[in-house]
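Written out below as structure tokens is the structure these notes cover.
Computed from a predicted model, the values in this text were never measured in an experiment.
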Amino acid sequence: MVNFKCQAVIVAGGSGKRMGTKILKQYMEVGGIPILARTLSCFQNCEGIQDIVIVTAKDEIEFCAKEIVERFNFSKVKKIVRGGAERQNSVFNGLASLDKDTDIVLIHDGVRPFVKEEHIKKIIEETAVYGGCVLGVKVKDTVKRCDEKGFIVSTPDRKYLWIAQTPQAFKYNLIMEAYKKAGSDVFLGTDDSTLAERLGIKVKMIEGDYDNIKITTKEDLDFGEVIVKKYGDYGNFSV
């Protein structure tokens, strides 16, 4: 493992609306463990990560500190900072709170609890070379591009299509510049890579796996239970 100062920003500001529950999705349990705790364990257990910053809603900071960080003894969590109105605002708050001598930052969804340590290490190593990398998987199905009325316009060659996941990793100075530029331009992107791409940065896709799901629906919760049973409570999936 190449020695860089790497910090992780974990974005945990979601709601439970799509789940149809009042419980915030990051605090729902999969295999008896809160989703956010499982996510944090992936980075806690990775030797390539020195520090972790959690970004969450202002009203959730105290709960997160007590029921997640303290309860599960996540020693790498150095700060819990307030999120913003949009994910992009939340990520920027997290980035701004990092040590200025950070070499590489990994930005990860708090409800993606099954990222593997090998992929975290891989993305760090590749980011040191290319400046920006995104974990993702190849599209399995045929994709159609349609017009506003639903008629098919074209069928892109799927061998060039990927589904972007997180973590998305960047050299710290590059992603800070990208976020500041987006802020000054009042530009709202769909992910972190979009902002880097606007600066002309060539972001490299790193192949992960299909277990690295984002849990947003009840169906995702069911799939999460299957993944826990598949691996058991070992390695990245235990706390």
Pairwise side chain to side chain donor-acceptor pair (under 3.5 Å) hits with a residue in residues 143-161, at least two apart: Lys144-Thr155, Arg145-Ser154

Shared hydrophobic cluster for Phe63 and Leu24 (ILVMFWY, side-chain gaps under 4.5 Å): yes

Any side-chain heavy-atom pair of His108 and Asn212 under 4.5 Å: yes

Test log, rule side-chain contact (heavy atoms from CB on, under 4.5 Å), inputs Ile215 and Phe223: CA-CA 9 Å; Ile215 299 180; Phe223 189 24; over 6 Å; no

Asn93 versus Ser90, side-chain donor and acceptor atoms under 3.5 Å: no

Salt-bridge contact Glu117-Lys121 (side-chain N to carboxylate O under 4.0 Å): yes

Under 3.5 Å donor-acceptor, Asp109 side chain and Val111 backbone: no

Minimum side-chain heavy-atom gap Leu40-Phe72 below 4.5 Å: no

Donor + acceptor pair across side chains of Asn45, Ser41 (<3.5 Å): no

All pairs passing side chain to side chain donor-acceptor pair (under 3.5 Å) where residues 50-66 contributes a residue, at least two apart: none

Heavy-atom side-chain proximity of Leu135 to Val115 below 4.5 angstrom: yes

side-chain contact (heavy atoms from CB on, under 4.5 Å) assessment of Val9 paired with Leu106: CA-CA 6 Å; Val9 172; Leu106 283 71; over 6 Å; no

Close side-chain approach of Val11 to Val91, heavy-atom, < 4.5 Å: yes

Ring centres under 6.0 angstrom apart (Phe74, Phe43): no

Quiz: residues 98-105 side-chain donor-acceptor pairs under 3.5 angstrom, not counting sequence neighbours:
residue	atom	partner	partner atom	Å
Asp99	OD2	Lys5	NZ	3.1
Lys100	NZ	Ala96	O	2.9
Asp101	OD1	Lys5	NZ	2.7
Asp101	OD2	Lys5	NZ	3.3
Thr102	OG1	Gln7	NE2	2.5
Thr102	OG1	Asp99	O	2.6
Asp103	OD2	Lys5	N	2.9

For Tyr130, all residues meeting ring pair (Phe, Tyr, Trp, His ring centres under 6.0 Å), sequence neighbours excluded: none

Inter-residue atom distance Leu36.CG - Lys25.NZ, 0.5 Å rounding: 12.0 Å

Side-chain heavy-atom pair Gln44, Asn73 within 4.5 angstrom cut-off: no

Test salt bridge (charged side-chain N to carboxylate O under 4.0 Å, His left out) applied to Asp185 and Lys181, step by step: CA-CA 6 Å; Asp185 293 344; Lys181 175 65 174 173; 3.5 Å; yes

Note, Ile107 side chain near Thr166 side chain (heavy atom, < 4.5 Å): no

Contact check, side chains of Cys42 and Phe114, non-hydrogen atoms, under 4.5 Å: no

Inter-residue atom distance Arg38.CZ - Ile68.CD1, 0.5 Å rounding: 11.5 Å

side-chain contact (heavy atoms from CB on, under 4.5 Å) assessment of Asn89 paired with Phe92: CA-CA 5 Å; Asn89 307 123; Phe92 179 75; 5.8 Å; no

Review item, side-chain donor-acceptor pairs of residues 167-176, under 3.5 Å, at least two apart:
residue	atom	partner	partner atom	Å
Gln168	OE1	Asp192	N	3.4
Gln168	OE1	Ser193	N	2.9
Gln168	NE2	Gln165	O	3.2
Gln168	NE2	Asp191	OD2	3.0
Lys171	NZ	Ala128	O	3.4
Tyr172	OH	Leu95	O	2.7

Flag side-chain contact, heavy atom, 4.5 Å: Gln88 against Leu195: yes

Step-by-step side-chain contact (heavy atoms from CB on, under 4.5 Å) determination, Trp162 to Glu207: CA-CA 9 Å; Trp162 292 69; Glu207 188 165 9; 3.8 Å; yes

Same apolar cluster: Ile123 and Val129, side chain cutoff 4.5 Å: no

Distance (rounded to the nearest 0.5 Å) between Cys6 SG and Ile49 CD1: 5.5 Å

Within 45° cone of Phe187 ring axis and under 6.0 Å: Arg198 NZ or CZ: yes

Reported NZ-to-OG distance for the pair Lys78 and Ser97, which is rounded to 0.5 angstrom: 13.0 Å

Transitive ILVMFWY cluster of Leu161, excluding itself - 4.5 Å side-chain cut-off: Val137, Val139, Val143, Ile163, Tyr210

